[in-house]
Amino acid sequence: MAAHAQPRAEPKLWYADGLRFACQACGCCCSGAPGYVWVDGEGIAAIASHLGLPAREFRRKYVRRLWRGLSLKEKPNYDCVLLDSGGRCVAYDVRPLQCRAWPFWPTNLVSRRAWEEAARRCPGIGKGPLYRLEQIEAMRAEMKM
Ligand code: SF4
Ligand code: SF4
């Protein structure tokens with residue numbers, strides 16, 4: 001009699017046991033090479049309110065329209081316009097989703113190698129509290145929207 005084949009187990013997600021992260025406030029991800037920090041109307045309103053500016057004024061001064069949507073402007077040296085001279089985000093508590101979700105971006109989670117690659121640019125990766133799989137997946141999902 002032929003034996004029934006066992007269903008093949010799903011391969012375990014490489015970060016199923018969680019990942020550690022604690023921002024070291026080095027400012028590296030807010031400066032350096034040109035980039036994009038995408039914002040929507042809700043995000044603009046939150047940051048503007050945090051800075052005590054009318055949303056319209058904030059948008060005129062600090063937001064640019066690009067092919068994919070709205071992004072924060074950059075300084076001439078490509079620092080994010082919200083990075084202060086001490087390397088801190090002036091709107092950290094209400095920073096845009098992509099900043100809040102870092103480093104749990106789909107591109108960094110695609111493989112352990114990609115995560116380690118990101119860790120070379122971000123000294124907070126691998127340090128601090130353990131983020132559980134559900135937390136990681138929630139942030140990854142938000143970034144996919
Ligand atoms: S590169 Fe990493 S440690 Fe540095 S500010 Fe950005 S998130 Fe924090
Ligand atoms: S909004 Fe804040 S956290 Fe995001 S890139 Fe700019 S300075 Fe950095």
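Note that this is a predicted model, so its numbers are computed, not measured. Just follow the structure's listing: the first ligand is 1, and inside any ligand the first atom is 1.
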Item to complete: Is it possible for you to say whether V90 and V63 belong to one hydrophobic cluster, with membership spreading through side-chain heavy-atom contacts below 4.5 Å?
Response: yes
Fill in: atom 3 (S) of ligand 1 - nearest protein heavy atom and its distance
Q24 N, 3.2 Å
Fill in: Atoms of ligand 2 close to C99 [distance to a heavy atom under 4.0 angstrom, numbered from 1]
1 (S), 3 (S), 4 (Fe), 5 (S)
Worksheet item: Can you list the ligand 1 atoms lying under 4.0 Å from a non-hydrogen atom of C122?
Response: 1 (S), 2 (Fe), 3 (S), 7 (S)
Worksheet item: Short list, please: which atoms of ligand 2 are under 4.0 Å from a heavy atom of P96?
Response: 1 (S)
Worksheet item: Which residue and non-hydrogen atom of the protein lie closest to atom 4 (Fe) of ligand 1, and at what distance in Å?
Response: C26 SG, 2.3 Å
Discussion item. Evaluate Y15 against E137 for side chain to side chain donor-acceptor pair (under 3.5 Å), listing each step before the verdict.
Written reply: CA-CA 10 Å; Y15 54 87; E137 290 297 70; 2.8 Å; yes
Discussion item. Can you report which non-hydrogen protein atom sits closest to atom 8 (Fe) of ligand 2, along with the distance?
Written reply: C30 SG, 2.4 Å
Response to the item:
Atoms of ligand 2 under 4.0 Å from any heavy atom of L72, numbered from 1 in the order shown, are 1 (S)
Discussion item. Closer than 4.0 Å to some heavy atom of V37 - which atoms of ligand 2 meet that?
Written reply: 5 (S)
Worksheet item: So, is C29 placed with an N/O/S atom under 2.8 Å from atom 6 (Fe) of ligand 1, counting both backbone and side chain?
Response: yes
Item to complete: May I ask you to check if any N/O/S atom from C23 comes under 2.8 Å of atom 2 (Fe) of ligand 1?
Response: no
Worksheet item: Tell me: protein heavy atom nearest atom 6 (Fe) of ligand 2, and distance?
Response: C80 SG, 2.4 Å
Item to complete: Any atoms of ligand 1 less than 4.0 Å from a non-hydrogen atom of G27? List them with their elements.
Response: 4 (Fe), 5 (S)
Worksheet item: Nearest protein heavy-atom contact for atom 2 (Fe) of ligand 2: which residue, which atom, what distance?
Response: C89 SG, 2.4 Å
Worksheet item: Do other residues, nucleotides or ligands put more than 12 heavy atoms under 6.0 Å from the CZ atom of F58?
Response: yes
Discussion item. Just checking W67 against Y36, ring centres under 6.0 Å apart?
Written reply: yes
Practice prompt. Identify whether NZ of Lys or CZ of Arg in R68 sits under 6.0 Å from the centre of the six-membered ring of W38 and within 45° of that ring's axis.
Written response: yes
Discussion item. With clusters defined by side-chain heavy atoms of hydrophobic residues (ILVMFWY) lying less than 4.5 Å apart, directly or transitively, does Y92 cluster with L53?
Written reply: no
Practice prompt. Inspect the surroundings of CD in E134 and state if more than 12 heavy atoms from other residues, nucleotides or ligands are less than 6.0 Å away.
Written response: yes
Practice prompt. Return yes when atom CZ of R88 has more than 12 non-hydrogen atoms of other residues, nucleotides or ligands closer than 6.0 Å, and no otherwise.
Written response: no
Worksheet item: Can you name the one residue among R59, K61, R60 that meets side-chain hydrogen bond (donor to acceptor under 3.5 Å, both in side chains) with E57?
Response: K61
